[in-house]
Amino acid sequence: PYIGPLLTWDASVEPHSGVVVTFETSVPCLGTVEYGTSAALGGSALGQEVATLHHIPLEGLPADTTIHYRVSDSAGHDSEVFTFRTAPEDPHTVRFAAMADMQESGEGHSRWDDVADQVAIGHPDLDFLLMPGDLPFDDEQGHWWTFFDQGRELFAGVVSLPAVGNHDTPGIPHHPDTTRFRAYYALPYPE
């Protein structure tokens, strides 16, 4: 994948039995997610439209279980196999980390890359990441790519629940346009 995969929840999936797999390809195509409870995979979910940005829900997964998956495009390009764990059914036992203000410009030493790696390595038992805003350095395509690329291993294995910060919209201070943020994160948004 060009960007991703990253995991979220939306209104179509229950956290203990589903996830939305998001990834971006360099050319428009049908995206596919192969998945299963072992590296042999076995199940698949196909995107519903030819696009470059794919949000593919996986539903009916067993709770509190490691799921193996890989994403691919209709040209036959496959990612490596990643794993994530579905949330437990009991909401009183969830484990999460909160992090914000990643704002990596892509120049110089990468603190966000270091933090993402340490969270992925040091906390493999997380159920989700709570990210209250200011994810990219600015709302520009290249800054979003840097944000996702440096957090690739973390985002591929843990569900992300972000909120919009002032760096996640065009211009500073706050700007009402959340188009790019909403494109990447298939979350339930109020109308």
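Numbers here simply count residues along the sequence, with the first being 1. Just so it is clear, the model here is predicted, and its values are computed rather than measured.
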With a 4.5 Å limit on heavy-atom distance, are the side chains of [X] and [Y] in contact?
X      : Y      : answer
Val119 : Val158 : no
Ser160 : Leu154 : no
Thr32  : Ser74  : no

With a 3.5 Å distance limit and no angle check, can you tell me whether Tyr69 reaches the backbone of Ala156 through a side-chain donor-acceptor pair?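 Judged by distance alone, yes, a pair lies under 3.5 Å.
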Kindly say whether Ala40 contributes a backbone atom to a donor-acceptor pair with the side chain of Ser38 at under 3.5 angstrom?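 Looks like yes, one N/O pair under 3.5 Å.
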Please answer: with hydrophobic residues joined when any side-chain heavy atoms are less than 4.5 Å apart, are [X] and [Y] in the same cluster?
X     : Y     : value
Val81 : Leu58 : no
Leu30 : Val33 : no
Val20 : Leu41 : no

Between [atom1] on residue [X] and [atom2] on residue [Y], distance to nearest 0.5 Å:
X      : Y      : atom1 : atom2 : value
Asp117 : Trp112 : CG    : CH2   : 9.0 Å
Thr93  : Arg95  : OG1   : CZ    : 6.5 Å
Leu61  : Thr37  : CG    : OG1   : 9.5 Å
Tyr35  : Ser44  : OH    : OG    : 7.0 Å
Asp73  : Glu24  : CG    : CD    : 12.5 Å
Leu7   : Thr86  : CG    : OG1   : 11.5 Å

Table please: side-chain donor-acceptor pairs of residues 46-56 below 3.5 Å, with sequence neighbours left out.
{"from": "Gln48", "atom 1": "NE2", "to": "Leu46", "atom 2": "O", "distance (Å)": "3.0"}
{"from": "His54", "atom 1": "NE2", "to": "Thr25", "atom 2": "OG1", "distance (Å)": "3.1"}
{"from": "His54", "atom 1": "NE2", "to": "Ala51", "atom 2": "O", "distance (Å)": "3.2"}
{"from": "His55", "atom 1": "ND1", "to": "Thr22", "atom 2": "OG1", "distance (Å)": "2.8"}
{"from": "His55", "atom 1": "NE2", "to": "Ala183", "atom 2": "O", "distance (Å)": "2.8"}

Dump the intermediate steps for side chain to side chain contact (heavy atoms under 4.5 Å, CB included) on Val159 and Phe84, then the final yes or no. CA-CA 8 Å; Val159 169; Phe84 68 91; 5.6 Å; no
Of all heavy-atom pairs between [X] and [Y], which one has the smallest distance, and what is that distance?
X      : Y      : answer
Ala45  : Pro57  : CB-O, 4.0 Å
Glu89  : Ala63  : CG-CB, 3.5 Å
Pro162 : Leu135 : CB-CD1, 3.9 Å

Which salt bridge (Lys or Arg N to Asp or Glu O under 4.0 Å) pairs, counting each pair once, include a residue from residues 53-72, with sequence neighbours left out?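 Of all non-adjacent pairs touching residues 53-72, those that pass salt bridge (Lys or Arg N to Asp or Glu O under 4.0 Å) are Glu34-Arg70, Asp64-Arg85.
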Sorted by first residue and then second, give each side-chain hydrogen bond (donor to acceptor under 3.5 Å, both in side chains) pair with at least one member in residues 11-20; sequence neighbours left out.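 Listed once each, the pairs are Asp10-Ser12.
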Between the side chains of Arg111 and Asp114, is the shortest nitrogen-to-carboxylate-oxygen separation below 4.0 Å, so that they form an ion pair?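 A salt bridge is absent here (no side-chain N lies under 4.0 Å from a carboxylate O).
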Ile3 and its side-chain contact (heavy atoms from CB on, under 4.5 Å) partner, picked from Phe147, Trp144, Tyr184, Phe23: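 Only one option passes, and that is Tyr184.
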Phe155/Phe82 aromatic ring centres below 6.0 Å: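 No; Phe82 has its ring centre 6.0 Å or more from that of Phe155.
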